[in-house]
Structure formats: C-alpha cells, structure tokens
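What follows is a set of notes on a single structure, which appears directly below.
Along the sequence shown, residues carry numbers from 1.
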Amino acid sequence: TVDDPEGNRLARQEIATSEWGIAAADFELDAQAMSGDYILTATHGPNTSSRSVEVKPYNLPRFKVDFAPDRTYYLPGDVARGTVSANYFFGKPVAGGEVRIEGFLGSQQIAPIFEITGQTDADGNYTYEFVVPDSFIGQLGNNSAEIDLTITVIDTAAHAESIDETVTVAEQPLLLDAVAESGVLRTDLENIVYLQVTSPDGSTIPAELTVTVNEGTRTVTTDDFGLATISVTPVDALDVIMDVEMRPLNLDMAPVTTRV
C-alpha cells in the first residue's frame with residue numbers, strides 16, 4: 001500500500017513473490033503530488049513492514065558538499081575526525097559558510113545524539129571531530145551499526161545545501177559471519193559451515209581461526225577472501241555455539257575472540 005503524508009490511501013496492490021521470494025510494484029506519483037513523507041507498507045501474513053519515502057520538489061543545488069571521514073569505521077569512545085568541503089559548481093570554494101553536523105541513531109530518531117557547528121575556511125573546508133558514544137559498548141557484539149549524519153552548509157548568501165552520510169561503528173575490529181551450507185544445521189549429520197572474517201567496513205580479512213564447538217577445538221586458515229569452512233555434527237536440536245579466536249595474517253592487530 002501507498003499512503004500520502006495526510007494518511008490518504010493512494011494505492012493497494014496484491015502481488016506474488018518470485019521463486020526467490022522477491023516481489024516488486026510500481027506507483028507513479030502525480031506531477032502535483034504534495035511534499036512530505038509517503039508511507040510504503042508491505043504485508044505478508046501476520047508480518048508487516050513499513051518504510052517512509054520523502055517526496056519534495058527538486059531544486060538545482062548551488063554548490064556541492066563533500067564528506068571525507070578519516071577512517072572507515074570507529075570503535076566506541078574513538079574520536080572521529082574528518083573534513084566537510086563545499087564548493088560552488090563554477091569552482092569557487094564556499095568560504096565562511098556555516099556548517100552543522102547532526103548525528104542520529106537510526107532514521108526514526110527525532111533528536112540527534114550530537115550536533116557540531118563550525119565554519120568553512122578560505123578553501124571551503126571545515127575539519128570536524130566528535131567522540132563516538134560509549135553507549136554502543138555491550139550493544140553490538142559481533143555486529144556493526146551506523147550513525148546517520150545530516151550535514152548542512154549555509155553560504156554567506158543564506159543558501160543551504162544538505163547531504164546525508166553515515167559512519168560505521170563496531171565494538172571490535174574484526175567481525176565473523178557463520179553460515180550453514182544448507183541454511184540451517186541438521187542434527188546427526190555432518191554440516192559444512194562457512195566462516196568469513198571481515199572488517200566492520202566490509203573488507204575481507206585473511207586470518208587464522210581457532211574454533212571451539214561441541215567441546216572440540218580446531219584451527220583453520222581463511223583464504224584471501226576471508227573465507228574458511230569447518231564441519232559440525234550437532235547432536236541435538238539446540239543452538240550450536242561457536243567460540244572463535246581470530247588472528248589476522250597481514251595486520252598488526254591483537255587476536256579478537258567472538259561467539260556465534
């Protein structure tokens with residue numbers, strides 16, 4: 001279904017998924033459609049998922065805003081630094097522009113978790129820094145999260161341009177993904193489990209893994225794509241717990257231990 005910003009139902013379609021579980025639908029907006037957040041809702045049985053989509057007139061920007069963080073990911077408590085740059089399309093920098101950076105945890109959050117303000121220099125650059133919240137400690141485990149940034153630059157003629165960016169946060173510098181060959185582990189059978197080691201920014205990391213599972217320990221080494229396999233034979237239908245120590249092969253980094 002599609003609902004406009006005033007809650008009016010604009011469209012409702014029933015469609016079937018493909019053999020891969022994918023469905024798609026089209027809805028053409030009127031040229032005079034009102035601005036605001038439109039709500040797209042998909043329902044399958046008892047499950048419902050919604051997403052808001054902002055609709056607004058397109059205005060040709062007067063200048064371009066670029067965002068360049070100093071790192072690809074951060075740990076809780078790290079100081080995140082980087083540069084916001086603004087330049088007019090005819091090449092001149094936006095000097096003396098007001099800069100505001102707001103950080104949000106998720107697109108549904110109304111109030112920012114931090115706000116930074118400053119001014120661009122003669123070259124149109126502003127160097128920012130903020131401390132990654134410690135509230136991520138104990139919350140992410142073997143996963144990463146995104147801080148959504150809204151970056152606004154206002155030039156001396158009071159014209160504003162905004163961009164949306166993200167920075168990645170993780171509790172540990174190595175993440176492990178474990179996937180059973182058939183999707184689930186089957187009891188009393190030998191199952192192949194694929195293990196992949198990545199950085200929080202998604203890049204693969206070759207590593208040596210010490211895996212403890214079913215009271216046994218074994219060591220495997222990933223390939224250049226961070227992939228390795230082990231065999232696991234569950235003895236019951238309970239969840240299988242793996243404790244894995246990851247030792248990067250090409251990085252000067254202490255081993256990281258995680259549980260999956």
Side-chain angles (χ1 to χ4, degrees), residues 3-7 34-41 48-88 93-173 175 199-202:
D3 295 339
D4 71 12
E6 293 183 348
M34 69 175 68
S35 298
D37 291 331
Y38 286 66
I39 305 300
L40 311 181
T41 302
T48 297
S49 179
S50 295
R51 179 68 61 87
S52 66
V53 177
E54 184 182 11
V55 174
K56 62 182 180 181
Y58 175 75
N59 296 312
L60 187 67
R62 295 189 182 181
F63 54 85
K64 183 182 180 183
V65 179
D66 291 308
F67 169 72
D70 66 333
R71 290 168 52 187
T72 56
Y73 70 89
Y74 301 93
L75 304 179
D78 281 351
V79 177
R81 298 182 176 88
T83 303
V84 173
S85 302
N87 292 276
Y88 293 103
V94 181
E98 298 178 20
V99 181
R100 182 174 69 252
I101 303 176
E102 298 174 295
F104 299 87
L105 291 180
S107 59
Q108 303 302 316
Q109 184 178 0
I110 298 175
I113 58 173
F114 65 81
E115 181 175 324
I116 308 168
T117 59
Q119 191 175 72
T120 58
D121 60 20
D123 295 321
N125 299 322
Y126 167 68
T127 301
Y128 70 85
E129 69 174 47
F130 64 87
V131 178
V132 178
D134 288 332
S135 57
F136 285 107
I137 297 176
Q139 303 298 317
L140 300 180
N142 187 47
N143 298 292
S144 62
E146 305 290 338
I147 298 179
D148 297 321
L149 303 178
T150 297
I151 303 169
T152 303
V153 178
I154 305 174
D155 68 7
T156 54
H159 183 82
E161 296 292 348
S162 296
I163 61 172
D164 295 319
E165 294 286 350
T166 61
V167 293
T168 301
V169 180
E171 282 193 70
Q172 54 195 41
L175 303 179
S199 167
D201 61 15

Checklist entry - Which distance, rounded to the nearest 0.5 Å, do you find between the OG of S162 and the CD1 of I151? => result 9.0 Å
Name each donor-acceptor pair under 3.5 Å that joins a side chain in residues 79-86 to protein atoms two or more places apart or in another chain, with its distance.
{"residue": "R81", "atom": "NE", "partner": "E129", "partner atom": "OE1", "Å": "3.1"}
{"residue": "S85", "atom": "OG", "partner": "N125", "partner atom": "OD1", "Å": "2.7"}

Item to check | side-chain hydrogen bond (donor to acceptor under 3.5 Å, both in side chains) partners for D121, two or more places apart | outcome: none
Checklist entry - Given side chains that start at C-beta, do those of T120 and V99 come closer than 4.5 Å, heavy atoms only? => result yes
Checklist entry - Is any side-chain heavy atom of N87 less than 4.5 Å from a side-chain heavy atom of K64? => result no
Item to check | Pairing residues for E161 by the side-chain hydrogen bond (donor to acceptor under 3.5 Å, both in side chains) criterion, not counting sequence neighbours | outcome: H159
Checklist entry - How many angstroms lie between CG in D164 and OG1 in T150, if you round to the nearest 0.5 Å? => result 4.5 Å
Next on the checklist: Show the nearest heavy-atom pair for residues Q172 and L175, with the distance to one decimal.
Outcome noted: CG-CD2, 3.8 Å
Checklist entry - Taking only residues two or more places apart in sequence, or in another chain, which ones meet Y128 in a ring-ring contact (aromatic ring centres under 6.0 Å, His included)? => result F67
Checklist entry - To the nearest 0.5 Å, what is the distance between CG (L105) and CG (D148)? => result 8.0 Å
Checklist outcome for this item: What one should report as the nearest heavy-atom pair of T152 and A160 is CG2-CB, 4.2 Å
Checklist entry - Between the side chains of D201 and T72, does any donor sit under 3.5 Å from an acceptor? => result yes
Item to check | Results of ring-ring contact (aromatic ring centres under 6.0 Å, His included) for Y73 - residues two or more places apart only | outcome: none
Next on the checklist: Can you tell me how far apart CG (L60) and CZ (R62) are? Round to the nearest 0.5 Å.
Outcome noted: 9.5 Å
Item to check | T168 side chain to P200 backbone, donor-acceptor under 3.5 Å | outcome: no
Next on the checklist: For I39 versus S50, what's the shortest heavy-atom pair and its separation?
Outcome noted: CG2-CB, 4.2 Å
Item to check | For F114, ring-ring contact (aromatic ring centres under 6.0 Å, His included) partners two or more places apart | outcome: F130
Next on the checklist: Does E165 have more than 12 heavy atoms from other residues, nucleotides or ligands lying within 6.0 Å of its CD?
Outcome noted: yes
Next on the checklist: If you define the side chain from C-beta out and look only at heavy atoms, does anything of Y38 sit under 4.5 Å from P5?
Outcome noted: yes
Item to check | I101 side, atom CD1; I163 side, atom CD1 - distance, nearest 0.5 Å | outcome: 9.0 Å
Checklist entry - Are side-chain heavy atoms of V55 and S35 found at a separation under 4.5 Å? => result no
Checklist entry - If you round to the nearest 0.5 Å, how far is OG1 of T41 from CZ of R51? => result 11.5 Å
